[in-house]
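One is the number of the first residue; the rest follow in order along the sequence. As the structure lists them, so they are numbered: ligands from 1, and atoms in each ligand from 1.
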Amino acid sequence: MRSIRFATVAVATAALTLPLMAGTATADPSAGRKAAPHPHAKFDRLRAAAPEGFVVGTAVAGGGHHLEQDYPDPFTHDREYRKVLARQFSSVSPENQMKWDYIHPERDRYDFGQADAIVEFAERNKQVVRGHTLLWHSQNPAWLEEGDFSKAELRAILREHITTVVGRYAGRIQQWDVANEIFDDQGNLRTQDNIWIRELGPGIVADAFRWAHKADPKAKLFFNDYNVEGVNAKSDAYYALVQDLLEEGVPVDGFSVQGHLSTRYGFPGDLEDNLRRFDALGLETAVTELDVRMDLPESGVPTEAQEQKQADYYQRTLEACLAVDGCNSFTIWGFTDKYSWVPVFFEGEGFANVMTEDYVRKPAFYALRDTLKEAREEDCGKKDHGKGRKG
Ligand code: G3I
């Protein structure tokens, strides 16, 4: 059940954001006038507004679809991007830079350059890192997917990869997406397109967790997927699998929902219930890739109602996570539309992030900030009474 505090946040946020929406997506609240200093300027930043122990993250743009665009690598070339990245967030996730095709481009060669740079940036800026990802059906290098390996060789390749990559960053990664998207939307294991499960059977998933745990006993090890926000066939499949693995003593620490949402569909109102059932198994939970895309009008500029609906989806996702004790990591999949993967994958859709291409904050940004602030204040109140967040 959502607590009363969130009902009050919704009202406060709507009141606060409406005037800013009066223009369009390009209306910068600070443009053309000097804004009066905010009485709590520190809490203007998402990371500072958050309750203690609750991290607010973003994907770090690079690789993947960015390679097809005409801009240079965002993380290494865009100074404003880096500034916002450092100021606003307390957790970072490499968008592509730790995936197999980047970090292990040849059988006997690893390329840690981009991943190292992100981890070092995070440490300089007192941010934690979510590692993404170790066992996936996508973005595997051709040498692996098209190689002619025996089962024993494949198993050795995966073990070596996990041991090497997780071992390299041991003690420096807070959470690892060990297994990414291993079920399809019907809740069937991907026995065809996932090379590991196809060739080595489902037991390889447990081994991946065991190897990762051995390489970094402190990192929290997660299952991560999309379309598992609500209670459905796919999240049920994870729920069943996780129970079996926990019974076998496999070191699974968490279940995370990516959160690639669209205003075209209804909000998954059972998100909190879903997180709670995994929480009840003793797992941590997390939101790892939230963005909220929408169908763009011909003008390309969303209406106020669209922006408000988007803000509402962001807010409700955050509220669900905040309401669950063991959900202490909340990550958005990029913060500026400038580098979003959405228009590349979904024709006619976009505007999915909390800032415009020019880094202007949208109602969604303020909804997150205010919701975090409210939760922080409530937690401070609870602490005074000897209670706080767990985990
Ligand atoms: O495979 C081709 C390759 O042959 C070609 O040389 C290269 C250069 O143009 O493109 C390659 O495909 C690209 C792929 O990344 C691998 O680099 C795709 O075009 C590109 O669109 C793709 O984008 C990434 C996508 O994952 C791949 O699934 C996005 O940047 C990244 O944001 C996205 O992130 C995923 C998470 O990891 C998991 N959850 C869903 C999320 C959104 O799709």
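- Ring pair H104/W143 is tilted by interplanar angle, where 30° to 60° counts as tilted.
- For the pair R277 and Y239, the cation-pi criterion (under 6.0 Å, within 45° of the ring axis) is fulfilled.
- H66 and Y339 share no side-chain donor-acceptor pair at under 3.5 Å.
- A heavy-atom cutoff of 4.0 Å around ligand 1 is satisfied by the protein residues G64, H65, E68, E95, N96, K99, D101, Y102, H132, W136, S138, Q139, N180, E181, Q258, H260, E289, W333, W341, F345.
- For the pair R293 and F345, the cation-pi criterion (under 6.0 Å, within 45° of the ring axis) is not fulfilled.
- Between R276 and D279, no side-chain nitrogen of the basic residue sits less than 4.0 Å from a carboxylate oxygen of the acidic one, so the salt-bridge criterion is not met.
- Because its NZ or CZ atom is not both nearer than 6.0 Å to the ring centre of Y314 and within 45° of the ring axis, K362 does not count as a cation-pi partner of that residue.
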